[in-house]
Amino acid sequence: MNKQKNKKPLKELPLGFVDRTEKELLVRDFIISKIKEVMIRYGFQYLETPSFEYSESIGKFLPDKERPDAGVFSFKDDKKWLSLRYDLTAPLARYVAKNFLEIPKPFKRYQLGTVWRNEKPGPGRFREFLQFDADFVGTKSLQADAELCIMISEILESCGLSKSEYVIKISSRKITEELFKKINLNDSEQKLTTLRALDKIDRLGWDGVKQLLGSGRKDKSGDFTKGADLNSKTIEIIESELRKEKPLTEDLEYLLKIFKDYNFNNYETDPSIIRGLEYYTGIIFEVNLKFDVKNSRGQVIQFGSIGGGGRYDNLINNFGNYDAPATGISIGLDRLVYALMQKKEFKVKQTKPVVICIFDKGSMKEYINLQKVLRKNGVSVEIYPGDGKLKKQMEYANKINSPAVILFGDNEIKSGKPTLRNLRTGKETKIEIKKLADEIKKII
RNA sequence: GCAGCAGUAGCUCAGUUGGUUAGAGCACUAGUUUGUGGAACUAGGGGUCGGUGGUUCGAAUCCACCCUGCUGUACCA
């Protein structure tokens, strides 16, 4: 006999997906409002593209040749494969190509949106998350790259971070290009592995990176990662070239000049900034927080950057012959929210309603009138949304962190003066309905 | 993906040579108080011990596989 179990629906979430509660959402809303303010001041256009695209629109020109179709959520329509977008850059490229003749050149757009990645989630990384992107399309001017850096720093500061709490690290792909020429590295596989290894300097330090450039590296759990297999002499050259102070490439030189004109100095040039993507062609940058970020158990974790970007002059050409050099930035909003929430001084006000207690259903009309008056005067208020004794109602108000309850029983109705009980102090006062809203605003 | 560690009530966790009906604190519900929250006391509900299969007279405990979580690493458009 098969034991028919009474199967209940799962209450668990799919791997890598999370519920987000008010505290986090309010911080997120706050950051978004700041982003929008800055974007408007910088003259960017707001754009929204759909969550789904034809897989081929966002997939065919994917820069990562190793796994052209892996990592996205897809399903088949009647005719074609659709995919949930995995970033906002690919839809932008598609949008630009589709509307190339109509849009202004250069084209500046910003976008906030959820993206999905079908990958194994890691610490602070989910399969559904919110990204913020700003891009310039159709300009080669480094003024654009400079503005992106300055703009993101303005956003972070308007979110309450000080200059000492973040830094923009900048570099250029041209540095590594020149380096590869010098050491005569032509194998594209080795080049890629080398770039990826160099990208990890901030986490692994030069010792770890040199192991990855050579035969490989064992991490602290004992797992082994294969390296780029460069010989030790080449590795020496790479290290000395990237570590020593040397003249900057022309594009960086110019970028710094613009920074100076803007009087912007919260950056570091760092030739070890690489970024994994193959499609970058020039200036690249990364936004790093300089304070420790902890997990729910209070352990400091490897947090990495909250965003970055750079110049990709050839990407949009994948859609055809468009003259669309571009540069852009992506910020992982959820990561930024996560980090900001840990700063003690960063608190977002959560407004909780004052609760009108119910004594007698027969007086409901009086309660409703009172509620109406208070709402009209801008007070967050609710009639207790349930049944139960006064004690239960008080417990509810306490539980939701309500600032006060209003007791409006027979006595109060007769006298026209409800009792306002401040739930933080326990103090009760009888106040005329007219003056009640002002009194409540004082204690919120 | 790879590696290490872990999974017992909503949460934090006890529970060894395998042995009745699996425990505590917090939280929850009701009452002590029929117009008063945070404290105290009393009572109560809540678990197929992550899942499946195996060993055994008997499994939360031993074995195998799987799932999930954490940390590192890889990848990250």
Peer 1: In a check of side-chain contact (heavy atoms from CB on, under 4.5 Å) between Val209(A) and each of Ile201(A), Leu242(A), Asp199(A), Thr194(A), which one passes?
Peer 2: Ile201(A)
Peer 1: Distance between the C1' atoms of rU61(B) and rG7(B), in whole angstroms?
Peer 2: 14 Å
Peer 1: Where the side chain of Phe359(A) is concerned, which of rA74(B), rG72(B), rG35(B) is the nearest nucleotide?
Peer 2: rG35(B)
Peer 1: So Gln131(A), base contact, sugar-phosphate only, or nothing? Heavy-atom distance under 4.0 Å.
Peer 2: nothing
Peer 1: Whole-Å distance between rC76(B) C1' and Glu128(A) CD?
Peer 2: 17 Å
Peer 1: Heavy atoms from C-beta onward define the side chain here; which of rG35(B), rG72(B), rA74(B) lies closest to that of Leu390(A)?
Peer 2: rG35(B)
Peer 1: Does Arg217(A) have a side-chain nitrogen or oxygen under 4.0 Å from the phosphate oxygens OP1 or OP2 of rA3(B)?
Peer 2: no
Peer 1: NA contact type, Lys389(A), heavy-atom cut-off 4.0 Å: base, sugar-phosphate, or nothing?
Peer 2: sugar-phosphate
Peer 1: Between rU34(B) atom P and Asp410(A) atom CG, what is the distance in whole Å?
Peer 2: 17 Å
Peer 1: In whole angstroms, how far is the P atom of rU29(B) from the CG atom of Asp387(A)?
Peer 2: 15 Å
Peer 1: Give one of base, sugar-phosphate or nothing for Lys226(A), where a contact means two heavy atoms less than 4.0 Å apart.
Peer 2: nothing
Peer 1: Of all the nucleotides listed (rC75(B), rG72(B), rG37(B)), which has the minimum atom distance to the side chain of Lys200(A)?
Peer 2: rC75(B)
Peer 1: When both hydrogen-bonding distances must be under 3.5 Å and the geometry is Watson-Crick or G-U wobble, what is rA9(B) paired with, if anything?
Peer 2: none
Peer 1: Charged N to carboxylate O under 4.0 angstrom, Asp223(A) versus Lys218(A)?
Peer 2: no
Peer 1: Whole angstroms only, please: what is the CG-C1' distance between Leu212(A) and rU73(B)?
Peer 2: 10 Å
Peer 1: From CG of Asp219(A) over to P of rU73(B), roughly how many Å is that when rounded to an integer?
Peer 2: 7 Å
Peer 1: Using the C1' atom on both, measure rG23(B) against rG46(B) and round to a whole Å.
Peer 2: 14 Å
Peer 1: Between Asp223(A) and Arg424(A), which residue's closest nucleotide on RNA chain B lies nearer the 5′ terminus?
Peer 2: Asp223(A)
Peer 1: Is the distance from OP1 or OP2 of rU34(B) to the nearest side-chain N or O of Lys392(A) less than 4.0 Å?
Peer 2: no
Peer 1: Answer yes or no: does a side-chain N or O of Arg196(A) lie under 4.0 Å from OP1 or OP2 of rC76(B)?
Peer 2: yes
Peer 1: Looking at Tyr384(A), does the NZ or CZ of Lys392(A) lie under 6.0 angstrom from its six-membered ring centre and within 45 degrees of the ring axis?
Peer 2: no
Peer 1: Using purine N1 to pyrimidine N3 plus N6-O4 or O6-N4 for Watson-Crick, or N1-O2 and O6-N3 for G-U wobble, each under 3.5 Å, what pairs with rU61(B)?
Peer 2: none
Peer 1: So, under a plain 3.5 Å distance rule, would you say the side chain of Asn411(A) forms a donor-acceptor pair with the base of rG35(B)?
Peer 2: yes
Peer 1: Which residue, Arg109(A), Lys108(A), Gln111(A), forms the side-chain contact (heavy atoms from CB on, under 4.5 Å) with Phe44(A)?
Peer 2: Lys108(A)
Peer 1: Nearest nucleotide by nearest heavy atom, which residue falls closer to the 5' end of RNA chain B, Leu407(A) or Lys399(A)?
Peer 2: Lys399(A)
Peer 1: Asp202(A) CG to rU73(B) C1': how many Å, rounded?
Peer 2: 14 Å
Peer 1: Tell me, please, whether Phe126(A) has Arg20(A) positioned over its six-membered ring: NZ or CZ under 6.0 Å from the ring centre and within 45 degrees of its axis?
Peer 2: yes
Peer 1: With rounding to whole Å, what would you report as the distance between rU42(B) and rU56(B) at their P atoms?
Peer 2: 48 Å
Peer 1: In whole Å, what is the span from the CZ atom of Arg117(A) to the C1' atom of rA74(B)?
Peer 2: 15 Å
Peer 1: Check this for me, if you would: do Glu239(A) and Arg243(A) make a salt bridge, where the nitrogen-to-carboxylate-oxygen distance has to be below 4.0 angstrom?
Peer 2: yes
Peer 1: Among Thr89(A), Thr327(A), Asp135(A), whose side chain to side chain donor-acceptor pair (under 3.5 Å) with Tyr312(A) holds?
Peer 2: Asp135(A)
Peer 1: How far, in whole Å, is rA60(B) from rC49(B) if one measures between their C1' atoms?
Peer 2: 4 Å
Peer 1: When you measure from the side-chain N and O atoms of Arg203(A) to the phosphate of rU73(B), is any distance below 4.0 Å, counting only OP1 and OP2?
Peer 2: yes
Peer 1: So which nucleotide does rU21(B) pair with, by the Watson-Crick or G-U wobble rule with both distances under 3.5 Å?
Peer 2: none
Peer 1: Under 4.0 Å, counting only non-hydrogen atoms across every strand here, what does Gln393(A) touch: a base, just sugar-phosphate, or nothing?
Peer 2: nothing
Peer 1: I'd like the C1' distance from rA14(B) over to rG47(B), given in whole Å.
Peer 2: 15 Å
Peer 1: Base, sugar-phosphate, or nothing for Arg275(A), non-hydrogen atoms under 4.0 angstrom?
Peer 2: nothing
Peer 1: Taking the same atom, C1', in rG45(B) and in rU29(B), what whole-Å distance lies between them?
Peer 2: 7 Å
Peer 1: Give the rounded distance in Å between these two atoms: NZ of Lys391(A) and P of rU29(B).
Peer 2: 11 Å
Peer 1: Identify whether any heavy atom of Leu88(A) sits under 4.0 Å from a base atom; if not, whether one sits that close to sugar-phosphate; answer base, sugar-phosphate or nothing.
Peer 2: nothing
Peer 1: Watson-Crick or G-U wobble partner for rA40(B), using a 3.5 Å limit on both distances?
Peer 2: rU32(B)
Peer 1: Considering every strand and a 4.0 Å limit on heavy-atom distances, what is the contact class for Leu204(A): base, sugar-phosphate, or nothing?
Peer 2: sugar-phosphate
Peer 1: If the P atom of rU73(B) is compared with that of rC11(B), how far apart are they to the nearest Å?
Peer 2: 29 Å
Peer 1: What is the base-pairing partner of rC75(B), counting Watson-Crick and G-U wobble geometry with both distances under 3.5 Å?
Peer 2: none
Peer 1: Between rU16(B) and rA59(B), how far apart are the C1' atoms? Round to whole Å, please.
Peer 2: 13 Å
Peer 1: How long is the span from the CD1 atom in Ile444(A) to the CG atom in Asn422(A), to the nearest 0.5 Å?
Peer 2: 10.5 Å
